[in-house]
2 protein chains.
Amino acid sequence: MRAMTVVAMREEQGPVPLRLVAEMEAISAQYLEQIFMDLRRAKLVNGQRGAKGGYTLTRPAETITAGDVVRAVEGPIKLVDCDHDGGCLRVHVCATRELWNKVSESMRQVMDGATLLDLATWARAKN
Amino acid sequence: MRAMTVVAMREEQGPVPLRLVAEMEAISAQYLEQIFMDLRRAKLVNGQRGAKGGYTLTRPAETITAGDVVRAVEGPIKLVDCDHDGGCLRVHVCATRELWNKVSESMRQVMDGATLLDLATWARAKN
DNA sequence: AGCATATCCGACAAATTTACTCGGGATTAC
DNA sequence: GTAATCCCGAGTAAATTTGTCGGATATGCT
């Protein structure tokens with residue numbers, strides 16, 4: 001999320017190289033590469049190779065939500081993995097699952113309610 | 001949570017022994033012991049020793065929230081551990097932290113909005 | 001008193017997930 | 001052609017979660 005915020009803040013000055021993000025956020029470049037791989041596969045960023053290369057967003061910052069970013073790197077936003085839709089053997093499991101589903105839903109709502117533009121704006125406000 | 005739901009559903013018939021919960025929910029008794037230890041230390045249950053012993057809730061089921069249970073066994077409900085309240089060195093960290101705090105808050109709201117009575121009721125409805 | 005049924009407790013071990021590293025290949029601007 | 005940069009698979013380390021082991025202590029019942 002920090003990496004994407006940096007990209008959102010600086011992409012108008014051209015592609016943002018991974019090395020810059022690594023320095024700004026004190027994250028190892030090699031670890032970041034992995035993360036950008038996920039982001040690229042989820043089509044949230046374009047990677048431009050070669051000198052003067054770097055990453056840019058595939059869409060305007062206000063159309064990419066925090067939820068999109070989380071889903072790209074961590075998969076579906078949910079607290080439980082249960083495919084028995086309906087007839088659970090253990091009844092109490094299902095009762096608690098209903099709770100976890102509600103929690104997951106509210107997490108998604110909050111995360112999908114904040115865009116990269118919001119994050120960039122908040123970040124600038126902190127300066 | 002499943003264990004607490006079972007206790008809430010059955011405590012009116014006297015203390016609920018751990019062994020019963022273990023069987024009903026297919027959780028090893030030894031692992032459950034650890035969990036009940038946390039619940040007891042958080043004063044959510046009373047453990048009565050000896051024959052005919054078991055666990056009972058310390059308060060009415062409608063006054064214990066799912067959030068209480070989660071906090072008892074897993075600690076504070078939050079996505080980030082950050083004590084720099086205010087002046088973060090890395091600006092973007094703080095911007096994302098604002099997001100994580102909002103998510104955490106909404107999780108707490110949902111979890112504190114459901115009581116053990118609710119869970120027990122949902123569980124009964126599934127039968 | 002003796003025994004079966006229980007909770008209590010500390011320490012340890014296995015499994016899973018998350019975080020991170022390594023080494024090299026491919027592309028592009030200048 | 002060379003420096004900068006992304007691309008990629010495989011492997012390692014750290015942290016967390018989940019679970020086990022062995023025994024001590026308390027209680028109700030006969």
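A note on names: the letters A, B, ... follow the listed sequences, proteins ahead of strands, and every chain is numbered from 1.
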Taking atom C1' of dT7(C) as reference, at what distance in whole Å does atom NZ of K52(B) sit? 16 Å
Pick base, sugar-phosphate or nothing for Y55(A), based on heavy-atom distances below 4.0 Å to the nucleic acid. sugar-phosphate
For the CD atom of E11(B) and the CG atom of L116(B), what is their distance to the nearest 0.5 Å? 9.5 Å
Per side chain to side chain donor-acceptor pair (under 3.5 Å), T65(A) is matched among D118(A), D112(A), T115(A) by D112(A)
Under 3.5 Å donor-acceptor, R108(A) side chain and I77(A) backbone: yes
Considering only side-chain heavy atoms of Q30(B), which listed nucleotide, dT21(C), dG22(D), dT7(C), is closest? dG22(D)
Ignoring backbone atoms, establish whether Q34(B) has a side-chain N or O less than 4.0 Å from OP1 or OP2 of dG10(C). no
Starting from P on dT7(C), measure out to CG on D38(B) and report it in whole angstrom. 15 Å
Considering heavy-atom distances to DNA chain D, does A51(B) or R41(A) have its closest nucleotide positioned more toward the 5' end? R41(A)
Just the rounded figure in Å: distance from P of dA6(C) to CG of L20(B). 9 Å
For dT20(D), take OP1 and OP2 only and decide whether either is under 4.0 Å from a side-chain N or O of S28(B). yes
For the pair T5(A) (side chain) and L119(A) (backbone), establish whether a donor and an acceptor sit closer than 3.5 Å, ignoring hydrogens and angles. no
Give the rounded distance in Å between these two atoms: OH of Y31(B) and P of dG22(D). 20 Å
Provide, to the nearest angstrom, the distance between the CG atom belonging to L32(B) and the P atom belonging to dA6(C). 14 Å
Between the main-chain N or O of E25(A) and the side-chain N or O of R2(A), is there a donor-acceptor pair closer than 3.5 Å? yes
Look at R49(B) and dA24(D) and indicate whether a side-chain polar atom (N or O) is within less than 4.0 Å of OP1 or OP2. no
dC8(C) P sits how many Å from L39(B) CG, rounded? 11 Å
Rounded distance in Å - CE (M37(B)) to C1' (dT25(D)): 12 Å
Are any of R19(B)'s side-chain N or O atoms less than 4.0 Å away from OP1 or OP2 of dA6(C)? yes
Atom-to-atom span, CD of Q48(B) to C1' of dA26(D) - whole angstrom: 10 Å
Side-chain donor/acceptor of E33(A) to base of dC6(D), under 3.5 Å: no
